[in-house]
2 protein chains.
Amino acid sequence: MGITKTQIFNVEQNKLAVIFKVLSNPARIAILQYISQQDSCICNDIVDEIGLAQPTISQHLKELKSIDLIKGEIEGKKVCYCINLPKWTEIQTLLNTFFNTTKSNCC
Amino acid sequence: MGITKTQIFNVEQNKLAVIFKVLSNPARIAILQYISQQDSCICNDIVDEIGLAQPTISQHLKELKSIDLIKGEIEGKKVCYCINLPKWTEIQTLLNTFFNTTKSNCC
DNA sequence: TTTATATATTGCAATATTACGATAATAAAT
DNA sequence: ATTTATTATCGTAATATTGCAATATATAAA
């Protein structure tokens with residue numbers, strides 16, 4: 001099939017899965033790490049740094065934006081991408097809650 | 001293509017991506033949560049609980065085992081699956097390190 | 001030894017993901 | 001207005017993932 005049966009799982013389970021999926025690609029991990037190191041990040045810089053084609057980077061940025069992990073501010077003809085810190089922290093907390101509650105019930 | 005260019009990323013980036021990928025499916029999240037709630041977990045119980053076919057559950061368990069998130073002890077003709085607590089904690093720490101170091105450099 | 005039960009593996013169809021070339025869209029500079 | 005630079009979108013090919021039926025394997029019970 002290839003299709004996940006999201007309807008048989010609850011909202012929390014699906015939400016966690018979506019977050020993990022966005023983070024499940026080394027290019028996106030590398031993009032996040034690179035963005036966090038720069039004062040102002042421009043997509044084309046990311047293309048040079050990562051070593052993937054510009055459309056590919058653009059697509060990965062879109063996926064990171066889909067869960068608000070990053071935000072992009074338009075500066076003239078460039079776009080400055082930044083980590084969305086409140087969301088970043090929120091997601092970190094969400095994942096920690098998942099890890100803590102799951103292990104606390106463990107046999 | 002469909003193939004991730006792992007060779008252009010470093011070991012840490014690929015390792016994080018693999019962990020996130022294993023966790024990026026609601027069925028596997030649900031399995032982990034269910035396993036953690038039971039004293040002794042058997043695959044067939046999981047099949048009843050989750051609502052996916054037995055081969056599908058077996059495949060998901062295999063993926064969870066691939067990064068040692070769970071361990072399965074054979075008890076007669078049944079298998080008792082448990083969260084692998086040391087690995088669980090190790091991965092939680094790894095993810096927190098990623099979240100903390102990434103956000104600390106943020107603009 | 002046969003039968004029943006529990007789990008794993010194989011093979012396959014449907015869908016998703018990754019990556020990129022071509023092209024479009026947008027805005028600054030000339 | 002045209003050119004240049006930057007990013008986004010579209011279309012497509014290659015590969016990966018999800019899920020299940022059929023089957024295999026393994027162990028306990030009869």
* To do: Return the set of residues passing ring pair (Phe, Tyr, Trp, His ring centres under 6.0 Å) with Phe9(B) (not counting sequence neighbours), or none when no residue passes.
  =>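 Phe9(B): no ring pair (Phe, Tyr, Trp, His ring centres under 6.0 Å) contacts found.
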Can you check the [X] [atom1] to [N] [atom2] distance for me, whole Å?
X	N	atom1	atom2	result
Ile42(B)	dT27(D)	CD1	P	16 Å
Asn44(B)	dA6(C)	CG	C1'	6 Å
Ile57(A)	dG21(C)	CD1	C1'	16 Å
Glu49(A)	dT6(D)	CD	C1'	18 Å
Ile31(B)	dT18(D)	CD1	C1'	12 Å
Asp48(B)	dT5(C)	CG	C1'	13 Å
Leu52(B)	dT18(D)	CG	C1'	9 Å
Ile3(B)	dC20(C)	CD1	C1'	14 Å

* Could you tell me whether Ile74(B) contacts a base, only the sugar-phosphate backbone, or nothing, with contacts defined as non-hydrogen atoms closer than 4.0 Å? =>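 The residue Ile74(B) makes no contact with any strand.
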* Asked: When all nucleic acid strands are considered with a 4.0 Å heavy-atom cut-off, which category describes Glu63(B): base, sugar-phosphate, or nothing?
  ->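 Here Glu63(B) touches the backbone only, sparing every base.
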* Asked: Partners of Thr97(B) by side chain to side chain contact (heavy atoms under 4.5 Å, CB included), sequence neighbours excluded?
  ->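 Thr97(B): side chain to side chain contact (heavy atoms under 4.5 Å, CB included) contacts with Thr93(B), Thr101(B).
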* To do: Would you please name every residue forming a side chain to side chain contact (heavy atoms under 4.5 Å, CB included) with Asn96(B), sequence neighbours left out?
  =>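 If we apply the side chain to side chain contact (heavy atoms under 4.5 Å, CB included) test to Asn96(B), skipping adjacent residues, the hits are Gln92(A), Asn96(A), Gln92(B), Asn100(B).
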Short side-chain N/O contact from [X] to OP1 or OP2 of [N], under 4.0 Å:
X	N	result
Asn25(B)	dT17(D)	no
Thr56(A)	dA19(C)	no
His60(B)	dT17(D)	no
Tyr81(A)	dA8(D)	yes
Lys65(A)	dA8(D)	yes

* Asked: Could you go step by step and tell me if Leu32(B) and Ile83(B) meet the side-chain contact (heavy atoms from CB on, under 4.5 Å) rule?
  -> CA-CA 7 Å; Leu32(B) 288 168; Ile83(B) 303 283; 3.7 Å; yes
* To do: Only counting residues at least two apart or in another chain, list the ones meeting salt bridge (charged side-chain N to carboxylate O under 4.0 Å, His left out) with Glu63(B).
  =>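 Arg28(B).
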* Asked: By salt bridge (charged side-chain N to carboxylate O under 4.0 Å, His left out), which residues pair with Lys87(B), not counting sequence neighbours?
  ->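 Partners of Lys87(B) by the salt bridge (charged side-chain N to carboxylate O under 4.0 Å, His left out) criterion, ordered by chain and then number, come out as Glu90(B).
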* 5' priority, DNA chain C, between Ala27(A) and Gln54(A) [closest heavy atom] ->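 Result: Ala27(A).
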Using the 3.5 Å cut-off, write out each protein N or O paired with an N or O of nucleotides 2-5 of chain D and the distance between them.
unit_1	atom_1	unit_2	atom_2	d
dA5(D)	O4'	Lys77(A)	NZ	3.2

